[in-house]
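We use all heavy atoms of the structure for the numbers below, so side chains are in, but hydrogens, waters and symmetry mates are not. In listed order, ligands and their atoms are each counted from 1. Because the structure is predicted, anything quoted here is derived from the model rather than measured.
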Amino acid sequence: MTDIMALDRQYIAGTYARFPVELVAGKGSLLTDVNGRQYIDMGSGIAVNGFGAGDDQWIEAVTAQLGRIPHTSNLYYTEPGAKLAQLLCERTGMKKVFFGNSGAEANECAIKAARKYSAQKKGPDCFTIVTLQNSFHGRTLATLSATGQDHYHELYQPLVPGFAHIAPGDMDALAAIDAKTPVAGILIECVQGEGGVVPLEAGFVQALSDYAAAHDIPLMVDEVQTGNGRSGALYAYMTFGIHPDIVSTAKGLGGGLPIGACLLGEKVQDVFAPGDHGSTFGGNPAVCAGALSILSRIDDALLEGVRQRSQYIFDQLTGAEGVEAVTGLGLMIGIKTKKPAREVVNACIEKGVLCLTAKDRVRLLPALNIPMELLEQAVAALKEACR
Ligand SMILES: *Cc1c(COP(=O)(O)O)cnc(C)c1O
């Protein structure tokens, strides 16, 4: 154990089961530990560093803004947030953006927007937000209540009321809830990330979208993990051919600094008035300048590269020894292994490759531009570790 590991264990709240690696530097998809050992990064800070660690253009954009005005309050206008919101809307067809600092906050905003829209339109009894079993939407009390996995709930009762969970695919359950207490919003991840990297069935996503449109229910898509090129499209919902009313995103949008964005479509674009919602740091100019650099480079060529890398991983791992299933979309991949996932990940660390887990799966979230050579090495090491 290094001195820093000991210090961390003494003074940092024990919420994380960290791997025994102390990182001191990183460039692109290569990270260096305190002993000078290099690792291939197959996690990108949990889908955050889309262009790898310390991407040059991102550093330049952030530092240039730090030299101009690093922070002000939301009582004044600044350029980076306005331009980032414009680009987000132009590339999605959404109408307005609220900036926060995390995925959970983006989802909080989505939930508040849906609740306010529905309460205004259908009355105060219309507050129930329907989400899916096995979903993950964040750690705040409301987003925890939205999350459809019991083990996250156990220690934090009572949860925020007004959330109901249905099984993916179960349209009858949705209709039954709607008949009892009118539904104020539907919140889904197109690929359940923390749930084990499980894509929803396209037919179900379409049915939800049709139901929401027919009943004037805001459809919210949580693109915190799937978004910003990760799925092989700019946002995963685009692959599913739907048009959500609200999109929340975070992780990869910031390129390594905290950001959350809640995109409001035509239906809900005017739901908020001054004072309804806010954030001190949300839309921070330095963070938004970095995000603008990231988003403007998620283009067709990059997305094609994501899909090619994805295909390579699927081809290599599907049917490999010790691999039971490979699921996911783009560079968001879950691997069901014969050995326990954590054991495989630890074996990968020994081989100089950093992977993640999601439930009982090994999870891969490499940088969107990971060099093929590094990807080949990492996949070869992972295959060995699975055997
Ligand atoms: C990570 C994640 C969140 C929470 O994001 P934070 O930035 O940790 O608050 C919410 N939804 C999904 C789908 C996520 O993957």
Checklist entry - Are there protein heavy-atom neighbours of atom 8 (O) of ligand 1 below 4.0 Å? => result no
Item to check | Closest contact, heavy atoms only, Phe127 versus Arg115 | outcome: O-NE, 2.9 Å
Checklist entry - Is the shortest N/O to N/O distance between Glu189 and ligand 1 below 3.5 Å? => result no
Item to check | Heavy atoms from other residues, nucleotides or ligands near OH of Tyr156 exceed 12 (cutoff 6.0 Å) | outcome: no
Next on the checklist: Under a 4.0 angstrom heavy-atom cut-off, which atoms of ligand 1 come close to Ser102?
Outcome noted: 7 (O), 9 (O)
Checklist outcome for this item: A student comparing Glu108, Lys251, Gln225 should find that the heavy atom closest to atom 1 (C) of ligand 1 comes from Lys251
Next on the checklist: Among all the protein's non-hydrogen atoms, which is closest to atom 6 (P) of ligand 1, and how far away is it?
Outcome noted: Gly103 N, 3.4 Å
Item to check | Salt bridge Lys359-Glu194, side-chain N to carboxylate O under 4.0 Å | outcome: no
Next on the checklist: Going by the closest heavy atom to atom 10 (C) of ligand 1, which one wins out of Glu223, Glu105, Gln192, His137?
Outcome noted: His137
Next on the checklist: I'd like to know if the side chain of Glu22 pairs up with that of Thr2 as donor and acceptor (distance under 3.5 Å, no hydrogens or angles considered).
Outcome noted: yes
Checklist entry - Of the backbone atoms (N, CA, C, O) and the side-chain heavy atoms from C-beta on, which set of Asn107 has a member under 4.0 Å from an atom of ligand 1: side chain, backbone, both, or neither? => result side chain
Checklist entry - Does a side chain donor of either Arg361 or Thr337 reach within less than 3.5 Å of an acceptor in the other side chain? => result no
Checklist entry - Would you call Asp216-Lys122 a salt bridge at under 4.0 Å N-O? => result no
Next on the checklist: Taking the six-membered ring for Trp, are Phe281 and Phe99 closer than 6.0 Å centroid to centroid?
Outcome noted: no
Next on the checklist: Within ligand 1, which atoms have a heavy atom of Ala104 less than 4.0 Å away?
Outcome noted: 4 (C), 5 (O), 6 (P), 9 (O)
Next on the checklist: One residue to check: Ala250. Relative to ligand 1, which of side chain, backbone, both or neither has a non-hydrogen atom less than 4.0 Å away?
Outcome noted: neither
Checklist entry - Under 4.0 Å from any heavy atom of Asp222, which atoms of ligand 1 are there? => result 10 (C), 11 (N), 12 (C), 13 (C)
